There are 2 protein chains.
Amino acid sequence: MPEEPRWLNECEREAWLALASLMFKLPSALDAQLLRDNDLTLFDYFVLSALSMTPGRTLRLSALASQVSSSLSRLSNVLKRLERRGLLRREPDPDNPRYNRAVLTEAGWDLVVAAAPGHVAAVRRFVIDGLTSKQITALSEVAGRVTQQVNEAAAEDSRRDG
Amino acid sequence: MPEEPRWLNECEREAWLALASLMFKLPSALDAQLLRDNDLTLFDYFVLSALSMTPGRTLRLSALASQVSSSLSRLSNVLKRLERRGLLRREPDPDNPRYNRAVLTEAGWDLVVAAAPGHVAAVRRFVIDGLTSKQITALSEVAGRVTQQVNEAAAEDSRRDG
DNA sequence: CCGTCGAGGTTCAAGCTTGAACCAAATGCG
DNA sequence: CGCATTTGGTTCAAGCTTGAACCTCGACGG
């Protein structure tokens with residue numbers, strides 16, 4: 001283990017620095033737009049949006065957590081806030097009362113509908129519209145691959161010390 | 001303004017979802033490794049690492065803030081913690097005493113040196129090693145472009161309402 | 001049956017981030 | 001000059017995230 005690590009070469013470092021910079025800046029830029037225009041964080045928006053795209057506008061909490069890549073703990077806190085604002089409701093799952101589900105309310109639906117255009121415009125402005133369609137395809141592949149590797153690594157880790 | 005927005009097509013949405021997922025997961029995966037192995041957040045590491053790569057291991061605070069894409073406020077808080085741990089020092093800039101600089105201490109340098117291999121290994125594991133060299137080049141270009149667009153948008157905004 | 005284990009969720013304290021308010025030193029600029 | 005603005009930086013409260021501890025219920029083994 002204490003042998004000389006494989007450092008990044010020039011290209012690799014350049015790619016990593018660019019990605020790091022994106023990782024720091026893009027989330028706050030998107031957050032800022034949603035916060036200013038709709039008083040929602042990006043994460044809030046993802047939660048509401050995930051519900052809005054589901055038949056019945058309802059999801060079990062753990063399913064929702066995995067869709068938005070969050071811990072149950074974080075989700076639970078966020079749901080509390082969104083519920084207080086009347087954007088969704090928590091209730092026992094009628095199919096299996098030991099589970100809970102989140103249900104988007106009418107107000108929640110309306111808010112997603114109101115927020116979506118501005119959010120999509122921001123995504124276009126920051127990401128999509130500056131890229132060629134080849135680059136968009138490349139982005140899909142690369143981001144998909146990275147996500148997959150992160151997931152696999154997490155799975156390995158939990159297998160090892162779980 | 002209330003006209004029908006340009007929604008994302010299939011490819012675009014796929015790319016955006018993949019990128020969003022990356023944005024949520026990669027930072028916490030990298031954070032987790034550094035926190036576990038060196039008791040540093042990714043942001044802490046970037047700060048120390050930026051200093052360590054500079055001649056004199058010193059940077060003016062606002063230069064440092066812009067290198068790590070953070071507000072002065074956030075940087076100031078982080079510097080306070082790192083200074084308390086003895087990893088760096090804040091002192092007036094000798095060239096122009098109205099500025100302050102952060103100086104990496106010996107202990108800070110040693111910590112960066114100790115943390116770097118594990119961090120690079122994580123970057124390889126999560127990002128670099130799963131990509132072809134074409135994909136690495138594409139990633140550079142795409143991430144660079146996105147970052148640039150975010151910066152430009154920020155500049156426009158501040159020009160407009162500044 | 002009884003114990004215990006895991007899955008689904010919630011809670012709480014500790015820590016981090018954010019934005020607005022603030023201070024001091026320089027730099028206009030009328 | 002003299003006042004206002006800008007630049008560099010800090011601070012504080014409010015809000016958000018995290019992880020560990022906890023609770024409950026069903027499943028499973030003995």
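To find a chain, count down the sequence lines: A is the first, B the second, and so on, and within it residues start at 1. Not measured: the values here are computed from a predicted model.
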Would you check, one step at a time, whether the test salt bridge (charged side-chain N to carboxylate O under 4.0 Å, His left out) holds for B:E156 with A:R125? CA-CA 12 Å; B:E156 279 171 37; A:R125 184 181 185 204; 3.3 Å; yes
Run the salt bridge (charged side-chain N to carboxylate O under 4.0 Å, His left out) test on B:R90 and B:E83 for me, step by step, so that the C-alpha distance in whole Å, both residues' side-chain angles and the decisive distance to 0.1 Å come before the verdict. CA-CA 8 Å; B:R90 279 182 283 196; B:E83 192 170 26; 3.1 Å; yes
Could you go step by step and tell me if A:R6 and A:E12 meet the salt bridge (charged side-chain N to carboxylate O under 4.0 Å, His left out) rule? CA-CA 11 Å; A:R6 288 166 51 227; A:E12 292 167 342; 5.8 Å; no
Readout for nucleotides 14-19 of chain D: B = base within 4.0 Å of protein heavy atom, S = sugar-phosphate only, - = neither; 5' to 3' it is --SSBB
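A:R98 places no side-chain N or O within donor-acceptor distance of the main-chain N or O of A:P92, the cut-off being under 3.5 Å.
With contacts defined as side-chain heavy-atom distances shorter than 4.5 Å, the pair A:S52/A:W109 qualifies. Using a 4.5 Å heavy-atom cutoff, the side chains of A:T132 and A:I136 are not in contact. With a 4.5 Å cut-off on side-chain heavy atoms, A:L111 and A:R85 count as touching.
Cluster membership for B:F43 and B:V120, using ILVMFWY side-chain heavy atoms within less than 4.5 angstrom, is shared.
Note on B:R90: only backbone sugar-phosphate atoms sit closer than 4.0 angstrom, heavy atoms only; bases stay farther off.
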Nucleotide N/O of nucleotides 2-8 of chain C paired with protein N/O under 3.5 Å:
{"from": "C:dA7", "atom 1": "N3", "to": "A:R98", "atom 2": "NH2", "distance (Å)": "3.1"}

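Atom CZ of B:R101 is separated from atom P of D:dT10 by 14 Å (rounded to the nearest Å).
For the pair B:L79 and A:N96, both in contact range of DNA chain D, the more 5′-proximal nearest nucleotide belongs to B:L79.
Only at 4.0 angstrom or more do the heavy atoms of residues 45-54 of chain A sit from any atom of DNA chain C, so none qualifies.
With B:L64 as reference, B:L59 is the one residue of B:N100, B:L72, B:L59 to meet the side-chain contact (heavy atoms from CB on, under 4.5 Å) rule.
Between A:H119 and A:Y45, the ring planes lie tilted relative to each other; the angle falls in the 30° to 60° range.
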